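Per chain, numbering begins at 1; letters A, B, ... match sequence-line order. Every value quoted in this text rests on a predicted model; they were computed, and no experiment measured them.
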Amino acid sequence: AQRVTQPEKLLSVFKGAPVELKCNYSYSGSPELFWYVQYSRQRLQLLLRHISRESIKGFTADLNKGETSFHLKKPFAQEEDSAMYYCALSVNQGGSEKLVFGKGTKLTVNP
Amino acid sequence: GAVVSQHPSWVICKSGTSVKIECRSLDFQATTMFWYRQFPKQSLMLMATSNEGSKATYEQGVEKDKFLINHASLTLSTLTVTSAHPEDSSFYICSARDFLFTDTQYFGPGTRLTVL
């Protein structure tokens, strides 16, 4: 069965420190993975997707099929990065695609 | 950018009544919309996939007769919680997929439902 695991419920770092939010997935098909972010009192928004191989707000994520991981990284965290981060996997089921979300990691960047 | 709106943003109703929540894609057409439910401090759980002009596809364990979904146009999907009970109290979030240009799901701000 498809599953997304984010092992850390909470993550706290100091401003300027590197940050890594972990995400592991389980899926028999070809994985398509995303990171979504939810800032306080705002809606969920797409941060980045693995097929784009882009860096958004200094964040990057590399798909590692061998380790079935898609960890989100940023070399120097900023206070404005404090938010809830969700890793999501797009799965094809019955001809339609849907997103399966991890439980999320709350990142707090302290001054 | 693509925007998805939800109405109402919050609603309080009495047990046994029905509540309708609207989800609109404001500047793009969405043949597919999704309805999620989010419990406090938990992740989003997909309830159903709403397809324009056809029946919704419900996830296992979701009562289709209780959560009625209608996707009558390319920009509007509605979720009706029928005969609501306190256990239906939750945060309901919709998303719409822009197939044509970005192939990205855009999320609405959510609707807080409280059933007394």
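Most heavy-atom pairs under 4.5 Å with chain A: of the set B:Gly108, B:Ser95, B:Pro109, this distinction falls to B:Pro109. Heavy-atom pairs under 4.5 Å with chain B were tallied for A:Gln38, A:Lys9, A:Arg41, A:Glu97; the largest tally goes to A:Glu97.
Side chain of B:Ser43 to backbone of A:Gly104: no donor-acceptor contact under 3.5 angstrom is found. For A:Arg43 (side chain) and B:Phe107 (main-chain N/O), a donor-acceptor pair under 3.5 Å exists by modelled atom type.
Enclosure of atom NZ in B:Lys64 is not indicated, since only 12 or fewer non-hydrogen atoms of other residues, nucleotides or ligands lie within 6.0 angstrom. When the shell of 6.0 Å around OH of A:Tyr39 is examined, it contains more than 12 heavy atoms from other residues, nucleotides or ligands. For A:Glu67, the CD atom sits in a loose shell: 12 or fewer heavy atoms of surrounding residues, nucleotides or ligands are nearer than 6.0 Å.
Heavy atoms closer than 4.5 Å to chain B are found in both the backbone and the side chain of A:Phe101. Both the backbone and the side chain of B:Leu44 come within contact range of chain A, with heavy atoms under 4.5 Å apart. Only the side chain of B:Tyr36 has a heavy atom closer than 4.5 Å to any heavy atom of chain A. For A:Tyr36, the part lying under 4.5 angstrom from a heavy atom of chain B is the side chain only. Heavy atoms of B:Gln6 lying under 4.5 Å from chain A are absent altogether.
No single ILVMFWY cluster, assembled from side-chain heavy atoms under 4.5 Å apart, contains both A:Val91 and B:Met45. Neither A:Val100 nor A:Tyr86 shares a network with the other; the hydrophobic side chains, linked directly or stepwise wherever heavy atoms of I, L, V, M, F, W or Y lie under 4.5 Å apart, form separate groups for each. Residue A:Val109 is not grouped with residue A:Phe76 when hydrophobic side chains (ILVMFWY) are merged at heavy-atom distances under 4.5 angstrom, including chains of intermediate members. Under the 4.5 Å side-chain heavy-atom criterion for grouping Ile, Leu, Val, Met, Phe, Trp and Tyr, B:Phe67 is connected to B:Ile21 within one hydrophobic cluster. A single hydrophobic cluster is seen to contain both A:Leu48 and A:Leu63, as judged by linkage of ILVMFWY side chains at heavy-atom distances under 4.5 Å, directly or through other members.
Side-chain contact between B:Gln105 and A:Leu46 is absent, with no heavy atoms from C-beta onward closer than 4.5 Å.
Atom CG of B:Asp103 sits about 7.0 Å away from atom CD1 of A:Ile51, to the nearest 0.5 Å. Rounding to the nearest 0.5 Å gives a distance of 4.0 Å between CZ of A:Arg49 and OG1 of B:Thr104. How far CD1 of B:Ile93 is from CG of A:Leu44: 6.5 Å, rounded to the nearest 0.5 Å.
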